[in-house]
Amino acid sequence: MPIYEYLSEQPDDPERSCRICSRGFELRRPIDRAPLESCLSCRNPVRKVISRINTPKILKPLSVSDAKKAGFTVMEKRDQGVYEKL
């Protein structure tokens with residue numbers, strides 16, 4: 001199940017948000033369910049936050065030996081449409 005982040009629609013107004021939704025909270029929900037419309041504790045309106053995705057960062061290109069160690073097959077183009085395994 002994916003993790004969704006929610007934040008109060010008015011986080012600076014203490015009458016329209018509790019301490020949980022004013023800072024934001026995470027919730028696991030099935031994909032087919034509709035997004036939450038209200039906080040689970042104070043019942044005030046919340047909105048779904050679009051957050052960054054976690055992707056690995058590759059700082060340098062992989063060398064042929066690194067690719068082979070990782071289990072990849074390395075091919076090199078020799079002629080038009082002909083590849084040779086290194």
Side-chain angles (χ1 to χ4, degrees):
M1 274 193 279
I3 298 175
Y4 295 101
E5 294 181 31
Y6 291 93
L7 180 66
S8 173
E9 288 186 354
Q10 298 175 353
D12 297 329
D13 185 4
E15 293 181 7
R16 302 283 297 158
S17 63
C18 64
R19 66 182 185 94
I20 295 170
C21 65
S22 64
R23 289 184 292 173
F25 61 93
E26 295 178 348
L27 186 65
R28 283 183 178 221
R29 292 177 62 89
I31 294 174
D32 57 349
R33 280 207 191 150
L36 280 182
E37 295 179 0
S38 61
C39 176
L40 298 173
S41 64
C42 67
R43 302 289 182 213
N44 285 315
V46 293
R47 61 182 165 86
K48 188 161 64 167
V49 178
I50 306 296
S51 59
R52 295 185 312 139
I53 58 170
N54 186 11
T55 58
K57 294 182 179 172
I58 298 174
L59 302 177
K60 62 176 181 137
L62 290 176
S63 67
V64 172
S65 60
D66 289 341
K68 286 182 179 180
K69 286 179 190 174
F72 291 98
T73 302
V74 180
M75 307 289 273
E76 186 174 284
K77 189 173 184 178
R78 293 291 179 200
D79 294 324
Q80 188 172 357
V82 178
Y83 289 86
E84 185 177 290
K85 188 176 182 178
L86 292 180

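Between Arg16 and Pro45, the closest side-chain pair of non-hydrogen atoms falls below 4.5 Å. Side-chain atoms of Val49 and Tyr6, non-hydrogen and from C-beta on, never get closer than 4.5 Å to each other. Under the 4.5 Å side-chain criterion, counting only non-hydrogen atoms from C-beta, Phe25 is in contact with Val46. Within the 4.5 Å cutoff, the side chain of Val82 has no heavy atoms near those of the Lys77 side chain. Residues Leu27 and Leu36 meet the side-chain proximity criterion, which asks for heavy atoms closer than 4.5 Å.
Between Val74 and Ala67, the shortest heavy-atom distance links the atoms CG2-CB, 3.9 Å. A pairwise comparison of heavy atoms in Leu7 and Ser22 identifies CD1-O, 3.5 Å as the closest pair. When all heavy atoms are compared, the tightest approach of Tyr4 to Arg29 is CE1-O, 3.6 Å. Closest approach of Ser41 and Ile20 over heavy atoms only: OG-CD1, 4.0 Å.
Under the salt bridge (Lys or Arg N to Asp or Glu O under 4.0 Å) criterion, Glu26 pairs with no residue at all, not counting sequence neighbours.
Atom CZ of Arg28 is separated from atom CZ of Arg33 by 13.5 Å, given to the nearest 0.5 angstrom. Considering CZ of Arg19 and SG of Cys42, their distance stands at 11.5 Å, rounded to 0.5 Å. Rounding to the nearest 0.5 Å places SG of Cys21 at 11.5 Å from CZ of Arg43. One finds the CG atom of Asp13 at 8.0 Å from the OG atom of Ser8 (value rounded to the nearest 0.5 Å). Interatomic distance, NZ of Lys48 versus CD of Glu37, reported as 11.5 Å (0.5 Å rounding).
Panel note: side chain Lys68, backbone Leu86; a donor-acceptor pair is recorded below 3.5 Å.
More than 12 heavy atoms of other residues, nucleotides or ligands shown are found within 6.0 angstrom of CZ on Arg78.
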